[in-house]
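Reviewing the structure listed below.
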4 protein chains.
Amino acid sequence: MEQHHDTATAARLKSYIERIERLEEEKAGLAADIKDVYAEAKGAGFDGPTIRKIVSLRKKDDAKRVEEDALLKAYKEAIGMV
Amino acid sequence: MEQHHDTATAARLKSYIERIERLEEEKAGLAADIKDVYAEAKGAGFDGPTIRKIVSLRKKDDAKRVEEDALLKAYKEAIGMV
Amino acid sequence: MEQHHDTATAARLKSYIERIERLEEEKAGLAADIKDVYAEAKGAGFDGPTIRKIVSLRKKDDAKRVEEDALLKAYKEAIGMV
Amino acid sequence: MEQHHDTATAARLKSYIERIERLEEEKAGLAADIKDVYAEAKGAGFDGPTIRKIVSLRKKDDAKRVEEDALLKAYKEAIGMV
DNA sequence: AACGCATAAGTAAGAC
DNA sequence: GTCTTACTTATGCGTT
């Protein structure tokens, strides 16, 4: 029964879309929360962009910690990069 | 007491930063969840980019969508695009 | 002589890196030029996003465009989107 | 004369679009050149991803050189970041 | 109100 | 061949 198959397929498609939309809503909510914290910090006299930079630096530092690659080091030495 | 003030200020700054980092972690978790749903949909035979487009279309309000379409059509006609 | 080999290798590595950096600079220059044209068009009263869409549409070959449209339409119908 | 105005407008729109397309072609050409250099370096026995990382690090270092902001430093000290 | 930036999305290339 | 990762592009947000 072709109709049945189409209907079931359509239902599953719709379900995927709605799950995605739900998750994206939650994500947008968190983005708003983050925005609020920045606003609150600003209200307390802190500079938003600088906080942003700090957060970003801490993230990068974490990433960099892993990146102690021997090959990279060798290449850097080869081209006289410290 | 100047020292006290500085310490308290520093503590508040740190608190803001940590709240932001916590929220961003949760946000990243949701982003990963969304990615998983797309993968699952793909596994079920659906086309990811098309689902993405649907989700994006549903987000836009109708008026805006119609307006954008009209402008695009006008530009296409102006340059002789079909 | 091991030292000689290492030096030559290092020199070639450095040369590759510098060629890449030079090319990337030129590329960045062109990106800036493109941005300028968009700004100029906007100043003349045209809508940037719509121009962007036109450029992108002209890039895609027709077959692909038709195919994507058909899939999108099918999904929209499946979930009862107009 | 309304018709005249429309024609002139359409011509200018088309001109902007074609300028953008021309610049994007050149940009794509440079991207291809860069790819070629990576391929050549790989053929000479160097590791592509590592070169990529070097190039990226040198770019970041340049950016960072400018970034000696007093406020940033103050914030970092406040939260005990080195 | 516009400008630039920063994040987010989409796409394409490379690795396993 | 799939899967992840990096790059490019696009949109929205904060700032001036």
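Numbered from 1 within each chain, the chains take letters A, B, ... in sequence-line order. Just so we're clear, the structure is a prediction, and the values are computed from it rather than from any experiment.
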- Not counting sequence neighbours, which residues clear ring pair (Phe, Tyr, Trp, His ring centres under 6.0 Å) with C/Y75? List them please. none
Could you check how far [atom1] of [X] sits from [atom2] of [N], rounded to whole Å?
X: C/K59; N: F/dA10; atom1: NZ; atom2: C1'; answer: 12 Å
X: B/L57; N: E/dG10; atom1: CG; atom2: P; answer: 11 Å
X: D/E24; N: F/dT8; atom1: CD; atom2: P; answer: 12 Å
X: B/L72; N: F/dA10; atom1: CG; atom2: P; answer: 13 Å
X: A/L23; N: E/dA9; atom1: CG; atom2: P; answer: 12 Å
X: B/I20; N: E/dA6; atom1: CD1; atom2: C1'; answer: 14 Å
X: B/E68; N: F/dG12; atom1: CD; atom2: C1'; answer: 13 Å

- Ignoring backbone atoms, test whether A/R52 places a side-chain nitrogen or oxygen under 4.0 Å from the OP1 or OP2 oxygen of E/dA6. no
- Transitive ILVMFWY side-chain link B/V66 to C/L72, under 4.5 Å: no
- Message: Quick check on contacts: within residues 26-51 of chain A, what sits under 4.0 Å from DNA chain F by heavy-atom distance?
- Response: A/K35, A/K42
- Message: Apply salt bridge (charged side-chain N to carboxylate O under 4.0 Å, His left out) to residues B/K60 and B/E68 and explain how you reach the verdict.
- Response: CA-CA 11 Å; B/K60 267 183 205 166; B/E68 282 180 10; 3.0 Å; yes
- Item | With A/E77 via side chain to side chain donor-acceptor pair (under 3.5 Å) - residues at least two apart |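 Checked A/E77 against side chain to side chain donor-acceptor pair (under 3.5 Å); zero matches.
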- Answer yes or no: is there a side-chain heavy-atom contact under 4.5 Å between B/L57 and C/K76? yes
- Query: Can we say A/E26 and B/K27 salt-bridge, meaning some charged N sits less than 4.0 Å from an Asp/Glu carboxylate O?
  - Reply: no
